[in-house]
Undergrad: 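Dropping the structure in here first, questions after.
Since the structure is predicted, the reported quantities are computational estimates derived from the model, not experimental observations. Each chain gets a letter, A, B and so on, in the order its sequence line appears, and its residues count up from 1.
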Number of protein chains: 2
Amino acid sequence: MTTYDNDALKPIATVDLAIFSLAPAGLSVLLVRRANAPFSGEWALPGGWIHIDEDADLEGAARRVLKEKTGVETPYLEQLQTTGSADRDPRGWSISIVYIALLSADDVTEGQDAMAEDAAWRPIEGEGAGLSLAFDHAALLKEALGRIRSKVEYSSLPGHLLPVRFTLSELQSVYESLLGRKLDKSAFRKRVAEADFLEPVEGEMRRASNRPAQMFRLKDAQSLVLFDRRI
Amino acid sequence: MTTYDNDALKPIATVDLAIFSLAPAGLSVLLVRRANAPFSGEWALPGGWIHIDEDADLEGAARRVLKEKTGVETPYLEQLQTTGSADRDPRGWSISIVYIALLSADDVTEGQDAMAEDAAWRPIEGEGAGLSLAFDHAALLKEALGRIRSKVEYSSLPGHLLPVRFTLSELQSVYESLLGRKLDKSAFRKRVAEADFLEPVEGEMRRASNRPAQMFRLKDAQSLVLFDRRI
DNA sequence: CTAAGTTAGTTGACATTTATCACTAAGTGA
DNA sequence: TCACTTAGTGATAAATGTCAACTAACTTAG
């Protein structure tokens, strides 16, 4: 085993985030416009160097970046993957640890003031492959989308994109929009009940010109519940 | 965004591997005894610095370490997770990108000469939580075991631990031993047939003092096939 | 040569689970 | 009071899993 006699032999390490929310237009990702070289002026996933004097660990670094860009402190946060190669950054051998964050619709509306000026929500169109982003961020975003789409099939993931309180019908629409197909109401409710990640907000109903609907909230806003079978 | 004016501000980055095989005693992991500080003399997962002049990318670094320790070049290899914190290595802020590798029984027997002298196979007992390893490697190993055990439920993973050619009954035993429960022969064969990751080796049979069994091999020795439902 | 023993591989009956779709419930507004 | 809309539940058909019996193909003992 060799040692790093020379720090110049160390790779560069950054933490990058794929931050998702449900804008009215559907699933959207937060992008920032780069101010400096390389790729100055181009859009990229929010991210930054690890600050070894400030960040206790990788997840701490991810939370710091998230707070800087959105003002949100306690979202759903999950490590996606790590890429690293000699040529993904013109400045040298670099590593990117990528996290996925899901923001509730309430986080987005409440956090509008706190949001960084260089940041913007971009709706995902189709497979989301069409975007041109700095570094290898288009590929990273594609991976993140793949992970999200796959987890919708067998987890409570969509619950983290809604407002804090929502009805079962609203939850079902989010599943349907992320999956791109209709679900049966009865089967959907059976799955949700079994998975046991919701609790009713007692006495609170969504009222419209029809039968009122019971409102629910996630039992745990930070964690994902996996289903036994597909939704 | 800040820049690294000083390389001393960069974290240390290593690639570590949880390399598994099926020794006669059951699932086993390859450990190496550390020759240098820190944790000199203690057992650890095989790993090493990223060599920015030699490794093209992270997976390349993982393959290099794997070859150094086992002589094997083309195993099943999968990125598990990345940990990084200020205190996991006494030398400073450090990142470890952890890979899981699965070696076929043939790899192990053929590669015995090529295996590094400081390395040894250690059988996993129970949950594998009892081992005391350098750094946070005990926790990393536990994560790796969790990933493997969970993937056995819905993937072709056990096929990568057997010799290149094997019978369906042998495959079923490996599933059973990793899952810790018996499976129904008929249901098992239905799943395996549906998942379509095996091909028969025409004319080749396992002979014993009973009816001969058809031998099979993986259609693709590097990739995992996921099932629609649990095994 | 034959019968007993062993494991491979298949088949079918039955129980359980899951999908599909129709139904009842509870509100609004004309 | 009736038409309309969405919420929520139940009933039946289809699919799937479980269990165990069955046939097949070999070796070995007598």
Side-chain angles (χ1 to χ4, degrees), chain A residues 152-156 158-159 162-177 179-218 225-231, chain B residues 152-156 158-159 162-177 179-218 225-231:
Chain A
V152 173
E153 289 277 1
Y154 61 93
S155 82
S156 64
L162 283 162
V164 175
R165 288 151 195 238
F166 50 85
T167 68
L168 291 179
S169 296
E170 287 162 0
L171 182 62
Q172 185 175 344
S173 323
V174 178
Y175 272 89
E176 289 173 342
S177 108
L179 289 171
R181 69 170 196 269
K182 286 283 173 188
L183 298 174
D184 179 80
K185 182 164 54 163
S186 169
F188 177 80
R189 285 168 186 239
K190 241 172 265 171
R191 279 274 190 287
V192 168
E194 277 165 21
D196 191 37
F197 62 94
L198 297 182
E199 56 189 8
V201 185
E202 292 300 342
E204 200 162 331
M205 310 293 275
R206 160 113 27 213
R207 312 199 148 268
S209 73
N210 49 30
R211 176 171 174 175
Q214 177 66 50
M215 308 223 41
F216 291 84
R217 65 172 157 240
L218 297 176
V225 176
L226 302 181
F227 304 163
D228 275 357
R229 311 203 163 245
R230 297 236 183 111
I231 191 76
Chain B
V152 173
E153 289 277 0
Y154 61 92
S155 82
S156 63
L162 283 162
V164 174
R165 288 149 195 238
F166 50 84
T167 69
L168 291 180
S169 296
E170 288 162 359
L171 183 62
Q172 184 174 345
S173 317
V174 178
Y175 272 90
E176 289 174 342
S177 108
L179 289 171
R181 69 170 197 269
K182 287 283 174 189
L183 298 174
D184 178 79
K185 182 164 57 163
S186 158
F188 177 79
R189 284 165 186 241
K190 238 174 268 170
R191 279 275 188 282
V192 168
E194 277 166 19
D196 193 36
F197 61 95
L198 296 183
E199 56 188 9
V201 184
E202 293 301 342
E204 200 160 333
M205 311 294 274
R206 160 96 61 234
R207 310 198 151 268
S209 71
N210 50 31
R211 176 173 176 173
Q214 177 65 52
M215 307 221 44
F216 291 85
R217 65 172 157 240
L218 297 176
V225 176
L226 301 181
F227 304 163
D228 276 354
R229 310 203 166 247
R230 296 236 184 112
I231 191 74

Undergrad: What string of B, S and - do you get for nucleotides 10-22 of chain D, 5' to 3', if B is base contact, S is sugar-phosphate-only contact and - is no contact with any protein heavy atom under 4.0 Å?
TA: B------S-BB--
Undergrad: Whole-Å distance between D:dG8 P and A:Arg206 CZ?
TA: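 Atom-to-atom, A:Arg206 to D:dG8, this comes out as 11 Å.
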Undergrad: Indicate the atoms forming the closest heavy-atom contact of A:Leu171 with A:Pro158, along with that distance.
TA: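 Looking at all heavy atoms of both residues, the closest pair is CD1-C, 4.3 Å.
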Undergrad: Check the distance between C:dA8's P and B:Leu168's CG and give it to me in whole angstrom.
TA: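 It works out to 9 Å between those atoms.
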Undergrad: Hey, what's the ring geometry for B:Phe197 with B:Phe227, parallel, tilted or perpendicular (30° and 60° as the breaks)?
TA: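 Parallel.
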Undergrad: Reading nucleotides 25-30 of chain C 5' to 3', which nucleotides get B (base under 4.0 Å from a protein heavy atom), which S (sugar-phosphate only), which -?
TA: BBBS--
Undergrad: Side chains of B:Asp228 and B:Glu194, heavy atoms from C-beta outward: is any pair under 4.5 Å?
TA: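 Sidechains of B:Glu194 and B:Asp228: no contact.
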Undergrad: Heavy-atom distance under 4.5 Å between the side chains of B:Val152 and B:Ile231, does that happen here?
TA: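 B:Val152 does not reach B:Ile231 side chain to side chain.
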Undergrad: If you define the side chain from C-beta out and look only at heavy atoms, does anything of A:Ser169 sit under 4.5 Å from A:Arg189?
TA: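 With C-beta onward as the side chain, the pair touches.
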Undergrad: To the nearest Å, give me how far apart CG (B:Leu198) and P (C:dG9) are.
TA: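 Interatomic distance, CG of B:Leu198 to P of C:dG9: 12 Å.
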Undergrad: To the nearest angstrom, how far is A:Tyr154 atom OH from C:dT18 atom C1'?
TA: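 Roughly 21 Å, once rounded to whole Å.
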Undergrad: Hey, does B:Asp196 have a side-chain heavy atom less than 4.5 Å from the side chain of B:Val225?
TA: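 With C-beta onward as the side chain, the pair stays apart.
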Undergrad: Going through the checks in order, is the side chain to side chain contact (heavy atoms under 4.5 Å, CB included) test met by A:Arg206 and A:Arg165?
TA: CA-CA 10 Å; A:Arg206 160 113 27 213; A:Arg165 288 151 195 238; 5.9 Å; no
Undergrad: Starting from C1' on C:dC21, measure out to CG on A:Leu183 and report it in whole angstrom.
TA: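 One finds 15 Å between C1' of C:dC21 and CG of A:Leu183, rounded.
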Undergrad: To the nearest angstrom, how far is B:Gln172 atom CD from C:dG9 atom C1'?
TA: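 B:Gln172 atom CD is separated from C:dG9 atom C1' by 12 Å.
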Undergrad: I'd like to know if B:Glu153 and B:Arg181 make a salt bridge, using a cut-off of under 4.0 Å between side-chain N and carboxylate O.
TA: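 Looking at B:Arg181 together with B:Glu153, the answer is yes, because their closest N to O distance falls below 4.0 Å.
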Undergrad: Calculate the interatomic distance between B:Asp228 atom CG and C:dT18 atom C1'; express it in whole Å.
TA: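 Checked: the CG to C1' distance equals 15 Å.
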Undergrad: When the distance from CG of B:Leu171 to C1' of C:dA8 is rounded to whole Å, what number comes out?
TA: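 Value for this atom pair: 15 Å.
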Undergrad: Does some side-chain heavy atom of A:Phe216 sit less than 4.5 Å from a side-chain heavy atom of A:Leu162?
TA: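 Contact flag for A:Leu162/A:Phe216 side chains = no.
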